[in-house]
Amino acid sequence: SFTVKIASSGKQFTVGEGQSISQVLEVNGIFIPVACESGVCGTCQTGVVEGNPEHRDVFLTDKEKAQGKLIMPCCSRAKTGSITLDL
Ligand code: FES
């Protein structure tokens with residue numbers, strides 16, 4: 001598991017194995033628009049303020065993935081213990 005933090009509010013939540021970032025946020029009243037929920041469409045694209053995404057989507061380019069400033073929270077995760085999103 002890892003921690004997802006919300007930049008604007010400072011709130012943080014634990015994302016367990018088998019859960020997506022977007023699912024955990026939705027349960028906590030923070031709604032990211034999603035469509036495919038499998039990393040294909042780009043609908044859920046969200047900025048990363050801090051932390052390293054573990055990209056599991058096929059939407060971002062290799063360059064964007066390497067830069068680590070964008071994430072698809074429907075499927076991607078954090079490499080480090082926590083990730084802060086621009087929300
Ligand atoms: Fe389609 Fe996340 S909802 S990439």
Side-chain angles (χ1 to χ4, degrees):
S1 67
F2 58 93
T3 302
V4 59
K5 298 181 185 175
I6 307 304
S8 61
S9 65
K11 286 183 181 171
Q12 38 185 289
F13 310 101
T14 300
V15 181
E17 300 303 320
Q19 292 179 299
S20 69
I21 295 175
S22 53
Q23 285 169 345
V24 169
L25 295 185
E26 184 174 335
V27 166
N28 289 283
I30 299 165
F31 296 95
I32 295 173
V34 293
C36 73
E37 294 192 75
S38 57
V40 175
C41 71
T43 303
C44 64
Q45 181 173 298
T46 301
V48 175
V49 177
E50 205 177 344
N52 294 314
E54 181 189 304
H55 298 288
R56 296 191 179 179
D57 65 278
V58 295
F59 180 80
L60 293 174
T61 64
D62 288 347
K63 189 178 173 192
E64 287 171 324
K65 287 179 178 175
Q67 287 169 339
K69 296 299 173 194
L70 294 171
I71 189 170
M72 298 297 153
C74 69
C75 61
S76 294
R77 311 182 68 79
K79 257 181 209 164
T80 46
S82 76
I83 191 163
T84 305
L85 300 184
D86 188 16
L87 291 171

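Only heavy atoms go into these numbers, but all of them, side chains included; no hydrogens, no water, no symmetry mates. Whatever order the structure lists them in is the order used to number ligands and atoms, beginning at 1.
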Are the side chain of Ser20 and the backbone N or O of Cys75 linked by a donor-acceptor pair below 3.5 Å? no

For the CD atom on Gln67, are there more than 12 heavy atoms of other groups (residues, nucleotides or ligands in this structure) within a distance under 6.0 Å? yes

Heavy-atom closest pair (Thr14 atom, Gln19 atom, distance to 0.1 Å) is O-OE1, 4.0 Å

Side chains of Ile21 and Ile71: closer than 4.5 Å at any heavy-atom pair?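 They are in contact (side-chain heavy atoms under 4.5 Å apart), so the answer is yes.
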
Linked, directly or transitively: Val34 and Phe59 (ILVMFWY side chains, under 4.5 Å): no

Quick test of your reading: applying salt bridge (charged side-chain N to carboxylate O under 4.0 Å, His left out), list the pairs with at least one residue in residues 47-68, sequence neighbours left out, ordered by first then second residue.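 Residue pairs with at least one partner in residues 47-68: Glu54-Arg56.
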
Can you count the protein N, O or S atoms that lie less than 2.8 Å from atom 1 (Fe) of ligand 1?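 For atom 1 (Fe) of ligand 1, protein nitrogen, oxygen or sulfur atoms under 2.8 Å: 2.
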
